[in-house]
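All remarks here apply to the structure that follows.
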There are 2 protein chains.
Amino acid sequence: MKEGPDITSVAALVGDPARANMLSALMSGLALTAGELAREANVTAPTASAHLAKLREANLVTMVVQGRHRYFKLAGSDVAAALEGLMDLAARIGNLRTRPGPRDAAMRAARVCYDHLAGVAGVRIYDALIASGAIVVSAEGLSLSNVGRARFIAEGIDIDAIERKDKAICRACLDWSERRSHLAGPLAKAFLDLFLARGWANREAVGRAIRFSSAGQAAIEAFIARQALDTAKSSSRSMA
Amino acid sequence: MKEGPDITSVAALVGDPARANMLSALMSGLALTAGELAREANVTAPTASAHLAKLREANLVTMVVQGRHRYFKLAGSDVAAALEGLMDLAARIGNLRTRPGPRDAAMRAARVCYDHLAGVAGVRIYDALIASGAIVVSAEGLSLSNVGRARFIAEGIDIDAIERKDKAICRACLDWSERRSHLAGPLAKAFLDLFLARGWANREAVGRAIRFSSAGQAAIEAFIARQALDTAKSSSRSMA
DNA sequence: TGGATGTTTCGGCGCGGAACGAAGCATGTC
DNA sequence: GACATGCTTCGTTCCGCGCCGAAACATCCA
């Protein structure tokens with residue numbers, strides 16, 4: 001009778017407000033304790049514990065015990081991607097946020113999408129990388145060109161270190177606020193990590209918003225400008 | 001407190017078994033009557049009516065009255081894409097179908113994804129189109145190259161007719177069974193429509209599976225072979 | 001060892017909502 | 001006009017499950 005995988009259980013899991021809030025909080029990519037998630041979802045500890053048990057059983061989140069704390073985080077980037085997809089649909093369907101507040105504006109400008117950069121900043125960087133040929137799109141997905149490899153190494157990213165795994169080094173992730181793609185995957189994670197490590201970008205105390213320092217802002221603009229420069233060199237093949 | 005669009009309502013809507021079954025059935029791209037959907041979900045007419053009212057209110061499905069029948073279909077390809085995303089996650093998360101039966105095998109080989117072709121066949125065609133340069137991927141998404149345009153016209157597709165709209169002529173859609181992209185959008189719809197019109201492909205009586213006639217099978221292989229031929233001409237730029 | 005903090009288990013309350021039968025409106029057929 | 005078919009509205013029942021408080025368990029600190 002039924003066809004394809006069973007959507008119901010996953011959707012029902014996400015469909016509960018408390019769990020949805022928890023998952024949204026985990027979209028920051030951070031590992032959060034059960035207590036923190038309980039507060040995030042506005043429920044008591046016992047309730048949160050029950051919810052987290054279900055999410056864990058469904059392999060949506062993973063848990064790691066550290067002392068008397070239990071840290072939860074999303075099971076993987078695929079879960080994050082699915083949640084982004086739902087956010088995208090929710091945004092289109094009409095469930096727009098009641099009224100975009102200052103925090104929403106910051107979120108739109110730049111935010112963390114599980115482990116990489118999203119929002120206007122993320123999309124701009126992605127566009128520049130594609131246009132300059134640093135990232136190439138093929139049937140198998142995104143791949144890093146030799147030009148792009150050199151450029152990222154010049155930025156200070158240890159490509160070799162993140163390339164070990166047999167997984168793709170980068171992929172596209174749909175951006176719910178911009179409705180365009182931004183860069184995801186190990187490369188994108190390394191890129192964000194670099195900015196955080198250098199103090200060019202800072203997470204807000206709570207939530208997923210990212211704030212750039214003036215140096216960071218300048219670094220981003222310079223990075224994009226460098227891509228544009230290389231783009232100008234290569235003749236752009238105009239398409240219909 | 002909450003960040004990003006409100007996932008909850010959409011996910012909760014999909015999370016109900018009856019509604020999930022209805023939506024799955026509508027993934028065939030066909031417009032189905034309330035009665036048909038009730039049978040598909042194994043509920044009585046009143047129950048189905050209530051569910052459909054909710055789906056309609058949430059803009060997940062649209063309704064068109066025709067005589068004493070009410071036809072429902074997915075509100076758009078974005079809804080279909082989100083559902084595919086959930087299927088993808090469900091498949092990875094471990095909710096694999098109990099045991100892949102013959103119908104599942106047929107689904108995996110070729111099926112309808114809302115209005116275009118998916119499954120092994122869809123992915124192969126997509127790969128061939130990208131490799132040959134008929135379809136080009138850019139930051140803005142997929143676009144049809146001049147070469148590709150000529151090729152599709154040669155196949156008998158009226159590109160001009162489907163290009164009027166200011167929407168993109170094609171885009172990528174993630175395939176839950178293959179975990180790769182296949183072609184979606186007006187162009188993909190026209191491609192499938194052509195195959196159906198020529199009798200090269202037939203829908204199974206119920207469900208989303210597609211069966212190719214021997215002529216259709218040959219046509220697909222020939223189409224892919226033609227792409228490969230052109231691919232050989234253009235030098236492939238090797239990347240890391 | 002004892003007391004504080006973090007987390008889970010247990011038991012029970014209560015609400016939301018999914019389900020159905022029967023009746024009410026439409027539309028199409030004879 | 002009368003009857004059949006398709007769908008919706010209404011009223012009711014009932015089950016699931018989210019929620020909490022209290023208590024048990026675990027871990028850290030003193």
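Each chain gets a letter, A, B and so on, in the order its sequence line appears, and its residues count up from 1.
Proximity of a side-chain donor or acceptor of Arg203(A) to a complementary backbone N or O of Ser28(A) within less than 3.5 Å is detected. Without hydrogens or angle criteria, Arg171(A) side chain to Ala184(A) main chain gives no donor-acceptor distance under 3.5 Å. Side-chain N or O atoms of Ser49(A) include none that pairs as donor or acceptor with a backbone N or O of Ala45(A) at under 3.5 Å. Checked by atom type and distance alone, the side chain of Arg208(B) never pairs as donor or acceptor with a backbone atom of Arg111(B) at under 3.5 Å. Checking side-chain atoms of Arg70(B) against main-chain N and O of Ala34(B) turns up no donor-acceptor pair under 3.5 Å.
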At under 4.0 Å between heavy atoms, which parts of nucleotides 25-30 of chain C does protein reach? Answer with one letter per nucleotide, 5' to 3': B base, S sugar-phosphate only, - none.
--BS--
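We find that CG of Leu55(B) is positioned 12 Å from P of dT8(D), with the value rounded to whole Å. Atom CD of Glu36(B) is separated from atom C1' of dT5(D) by 14 Å (rounded to the nearest Å). Summarising the geometry, the separation between CD on Glu57(A) and C1' on dC17(D) is reported as 15 Å, rounded to the nearest angstrom. In this structure, CG of Leu52(A) is placed 10 Å from C1' of dT7(C), rounded to the nearest angstrom.
Look at His69(A) and you won't find any side-chain N or O under 4.0 angstrom from OP1 or OP2 of dT27(D).
A distance of 6.0 Å or more separates the ring centres of Phe223(A) and Phe195(A).
Using cut-offs of 30° and 60° for the angle between ring planes, the His116(A) and His182(A) rings count as tilted.
In this structure, the separation between CG on Leu74(A) and CG on Asn59(A) is 12.5 Å, given to the nearest 0.5 Å.
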Could you go through nucleotides 17-20 of chain C and list every protein N or O atom that sits under 3.5 Å from one of its N or O atoms, giving the distance for each pair?
unit_1  : atom_1 : unit_2   : atom_2 : d
dA18(C) : OP2    : Arg19(B) : NH1    : 3.3
dA18(C) : OP2    : Lys54(B) : NZ     : 2.7
dA19(C) : OP2    : His51(B) : NE2    : 2.4
dC20(C) : OP2    : Thr44(B) : N      : 3.0
dC20(C) : OP2    : Thr44(B) : OG1    : 3.0
dC20(C) : OP2    : Thr47(B) : OG1    : 3.0

